[in-house]
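What follows is one structure encoded as structure tokens, with my remarks underneath.
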2 protein chains.
Amino acid sequence: MSILARMVRTRTFDPAAALTQAVELFAAKGYSETSMEDIVKATGVSRYGIYGTFGNKRELFELALDRYAESMGKQAFLRLLEPDASLDHIRKIFEMRVDDMCCEGQNKGCLFIHTAMELAPQDDDLRDVLQKFMRRMSKLFSIGLESAKAKGEVRKDLDAAAAGELLTSTMFGLVVLARTGFDRKTLNNIVENTLRAMR
Amino acid sequence: MSILARMVRTRTFDPAAALTQAVELFAAKGYSETSMEDIVKATGVSRYGIYGTFGNKRELFELALDRYAESMGKQAFLRLLEPDASLDHIRKIFEMRVDDMCCEGQNKGCLFIHTAMELAPQDDDLRDVLQKFMRRMSKLFSIGLESAKAKGEVRKDLDAAAAGELLTSTMFGLVVLARTGFDRKTLNNIVENTLRAMR
DNA sequence: TGCGTGCCAGAATACTCATTCTGGATAGAG
DNA sequence: CTCTATCCAGAATGAGTATTCTGGCACGCA
């Protein structure tokens, strides 16, 4: 017990790891339903540490949003920039998302949707940031679709820009359905039908 | 002497009208961001009247959700049951939705999405109700699509049930995009591309 | 060995909110 | 017109929460 207490007390905490925890909480429950107390508990970092490092809840949320977008990109979307990107890359992005949403009892939620629904209408800065991320997402989809088109996986007359926006919208629709308890099969079916329409 | 006979003073407000106001607030801001104070102010009914008539916030929200679903049905979806329903009926539903979302400064929001994101994961009853509404929505879309198929507006091999679910998902994706400030043109474009894929 | 800086837990502060309570006002039966 | 159950506005209550403050302890440095 004394060793544990000492370790906790002397831990110089890793802000990046704490931010990761915060992202998870905010993505699952949104801004207002996540209390600073929740974050203190989840990270194991004291109020002192959280406020000293991140400023306040709003600033922490902004960082969390950036981090969320960045990790989504790294994790999946940036592959669409590779010249040999195919429809399968896009399918995989959706499959990962569906797995995230349906797997393991808990629903990971979506920081973008929470931001859009809770904060964007009242907060111009956050809305602009969010819009930038969504445009980027659409753009990456459309770049992937162009590559797929070059491979003949997608019909020649597809408007890739418009289709990219459609896929972005689908991404969010899926999360909403997942949250209300629709199963993986239904969601994957929606993905498959959406992609089929591009061929 | 009956209880009723002793109720000398009758209610001075219209509960249905008050509920309509509450629906509007909840749809715009969600559950936790809408305070009872907001509802008291918007309806012009006293706390006493609100609590006496609707019980508490949670019960009021349940009624609001029912009412929201019902009014969505009446306003647009039930037309899909008519035997001559066409792709145009479906298009019109989406157009109305987009107009609602992009209308002049005010964003009307969506009670379904707020419920899905804020409450459904923690509240089994509400999640079941919501799921029922969404299934109904998908079903109505698919019935409309079958009629459209009979008219030759939709390709013969379309899986109407799956496509109905896809349209439901699209409905929510559009709202999320609208909330982050995408314009009517972009949203209508998504609708058009989604519908084109069914032909 | 001491000193100071940075960290911790938890108390204190100052809100906001759901819900209940209160005291005066009033509609409608008699 | 009188009486009283019900109404309303707003105060009171109690819980939750963001943020700041406090007192103390541990580690690195001299």
Side-chain angles (χ1 to χ4, degrees), chain A residues 1-19 21-23 25-26 28-65 114-115 118-119 122-123 125-126, chain B residues 1-19 21-23 25-26 28-65 114-115 118-119 122-123 125-126:
Chain A
M1 186 59 200
S2 72
I3 287 175
L4 190 64
R6 213 176 124 189
M7 286 176 64
V8 168
R9 178 159 292 178
T10 62
R11 172 159 81 203
T12 127
F13 77 92
D14 176 4
L19 185 55
Q21 291 281 351
V23 167
L25 286 174
F26 280 135
K29 308 199 293 172
Y31 183 80
S32 58
E33 291 297 300
T34 302
S35 68
M36 292 302 265
E37 184 69 24
D38 291 339
I39 289 166
V40 165
K41 261 189 248 164
T43 58
V45 178
S46 70
R47 272 167 197 65
Y48 180 96
I50 297 291
Y51 279 95
T53 306
F54 297 111
N56 58 31
K57 189 180 180 182
R58 165 61 206 264
E59 290 177 67
L60 173 58
F61 187 83
E62 251 174 277
L63 286 179
L65 187 58
H114 274 120
T115 307
E118 266 187 278
L119 303 168
Q122 334 294 336
D123 189 322
D125 293 340
L126 236 31
Chain B
M1 184 184 289
S2 76
I3 298 279
L4 263 177
R6 290 170 59 191
M7 292 179 63
V8 291
R9 185 139 178 210
T10 55
R11 221 196 309 272
T12 58
F13 74 94
D14 176 5
L19 184 56
Q21 292 281 351
V23 167
L25 287 174
F26 280 135
K29 309 201 292 172
Y31 182 81
S32 58
E33 290 298 299
T34 302
S35 67
M36 292 302 266
E37 183 69 25
D38 291 338
I39 289 166
V40 165
K41 262 189 247 165
T43 58
V45 178
S46 69
R47 271 167 197 65
Y48 181 95
I50 298 290
Y51 279 95
T53 306
F54 298 112
N56 58 30
K57 190 179 180 183
R58 164 61 206 264
E59 289 177 68
L60 174 57
F61 187 83
E62 250 174 280
L63 286 178
L65 187 57
H114 274 120
T115 306
E118 269 186 275
L119 304 168
Q122 334 295 337
D123 188 322
D125 293 340
L126 235 32

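Every chain is numbered from 1 and lettered A, B, ... according to where its sequence line falls, protein lines coming before strand lines. Just so you know, these numbers come straight off a predicted model, no measurement behind them. Atom set for the values below is all heavy atoms of this structure, side chains included, hydrogens, waters and symmetry mates excluded.
Distance CD (B:E59) to C1' (C:dT19): 13 Å, rounded to an integer number of Å. With rounding to whole Å, B:F54 atom CZ is found 16 Å from C:dA18 atom P. In this structure, A:D38 atom CG and D:dG16 atom C1' are separated by 11 Å, rounded to whole Å. Distance, A:F26 CZ to D:dA18 C1': 12 Å, rounded to whole Å. At whole-Å resolution of the value, CD1 in A:I50 and C1' in D:dT17 are 15 Å apart. Remark: C1' of C:dC15 and CD of B:E37 are 15 Å apart, rounded to the nearest angstrom. If you measure from atom CZ of A:F61 to atom C1' of D:dT17, you get 17 Å, rounded to the nearest angstrom. For A:K41 and C:dC8, the NZ to C1' distance is 17 Å, given to the nearest whole Å.
Nearest-nucleotide mapping onto DNA chain D: of A:G55 and A:E33, the residue sitting toward the 5' end is A:E33. In terms of position on DNA chain D, the residue among A:Y51 and B:R47 whose nearest nucleotide sits closer to the 5' end is B:R47.
Using a 4.0 Å heavy-atom criterion, one finds that A:T53 contacts no nucleic acid atom at all. Residue contacts for B:T34: at a heavy-atom cut-off of 4.0 Å it reaches the sugar-phosphate backbone alone, with no base atom in range.
By the 4.5 Å heavy-atom criterion applied to side chains, B:F26 and B:L60 are counted as neighbours. Between A:D125 and A:E62 the shortest side-chain heavy-atom distance does not fall below 4.5 Å.
Among the nucleotides C:dC8, C:dA18, D:dA18, the one closest to the side chain of A:Y48 is C:dC8. Here C:dC8 is the nucleotide among D:dT17, C:dA18, C:dC8 with the atom lying nearest to any side-chain atom of A:S46.
Here the closest heavy-atom approach between residue A:L25 and residue A:T34 is recorded as O-OG1, 3.4 Å. When every heavy atom of B:F61 is checked against every heavy atom of B:T115, the shortest pair comes out as CZ-OG1, 3.4 Å. Between A:M36 and A:Y51, the shortest heavy-atom distance links the atoms CG-OH, 3.5 Å.
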